[in-house]
Amino acid sequence: MSGTICLTFDDGPDPTWTPRVLTALRRRSAQATFFVQARRAEEHPDLVEAMVEAGHEVGFHCLDHVRHSQRTDAGIEEDVTIGTGMLEGLGVRARAWRAPWGIETDATRRLAGERDLRLWGWNVDTHDWRGDDVRKMFGALEAQGGLRGGDVILMHDALGPGARREGCPETVALTELLLATAERAELSTATVSESEGVLA
Ligand SMILES: [Zn+2]
């Protein structure tokens with residue numbers, strides 16, 4: 001084994017696209033992390049359950065998809081308190097947190113420490129929200145040297161604010177292609193929390 005990569009999916013769950021991502025992961029016996037929007041999770045508890053049952057990690061993304069740099073400290077605290085509480089109502093104790101757009105403030109970091117949440121960014125951005133086709137996204141990734149052990153890869157299994165696409169079929173296709181590529185490169189997959197201590 002030459003390394004481990006983390007596939008991460010933000011903004012879901014989505015009743016159309018999340019099941020397709022889950023199927024793509026299952027076909028390759030891969031693990032991934034879903035940074036969910038709490039209201040969408042509450043609307044689709046079955047999808048959250050399917051993630052957990054398949055061994056994926058459910059991390060917290062947000063209650064309201066607003067940049068922390070545009071919120072008060074109290075607003076960020078309310079977001080994480082209510083949002084993670086909603087996930088707990090679904091039986092999920094989040095350990096991982098990815099702030100909207102990955103934008104963290106001092107308050108984000110303080111709250112993460114207080115709530116025992118680890119903040120996660122990414123080092124590989126697929127830009128899948130732009131609506132590019134799978135070949136273009138994969139080509140861009142290869143131009144940057146391809147997949148490497150330790151990569152944390154950002155994708156979206158639902159439409160978030162600013163998405164320039166109607167759906168997420170190219171993300172499903174990219175997931176399949178990345179997993180096939182990882183398998184050939186003898187890269188394994190892990191959830192972000194499982195990867196702690198494994199990733200460089
Ligand atoms: Zn997002």
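By convention here, the first residue in the shown sequence is residue 1. One-based numbering, in listed order, for ligands and for the atoms of each.
Around the Zn ion (ligand 1), the protein N, O or S atoms found under 2.8 Å comprise D11 OD1, H61 NE2, H65 NE2.
No hydrogens or angles considered: a donor-acceptor pair under 3.5 Å links the side chains of D11 and H65. When only modelled atom types and interatomic distance are considered, T171 and R20 share no side-chain donor-acceptor pair under 3.5 Å.
Note on residues 90-102: pairs passing side-chain hydrogen bond (donor to acceptor under 3.5 Å, both in side chains), not counting sequence neighbours, are T8-R98, D10-R98.
For R115, the side-chain contact (heavy atoms from CB on, under 4.5 Å) criterion is met by E77, V80, T81, L111, L117, not counting sequence neighbours. Remark: T33 pairs with no residue by the side chain to side chain donor-acceptor pair (under 3.5 Å) rule, at least two apart or across chains.
Between F9 and H156, the ring centre distance reaches or exceeds 6.0 Å.
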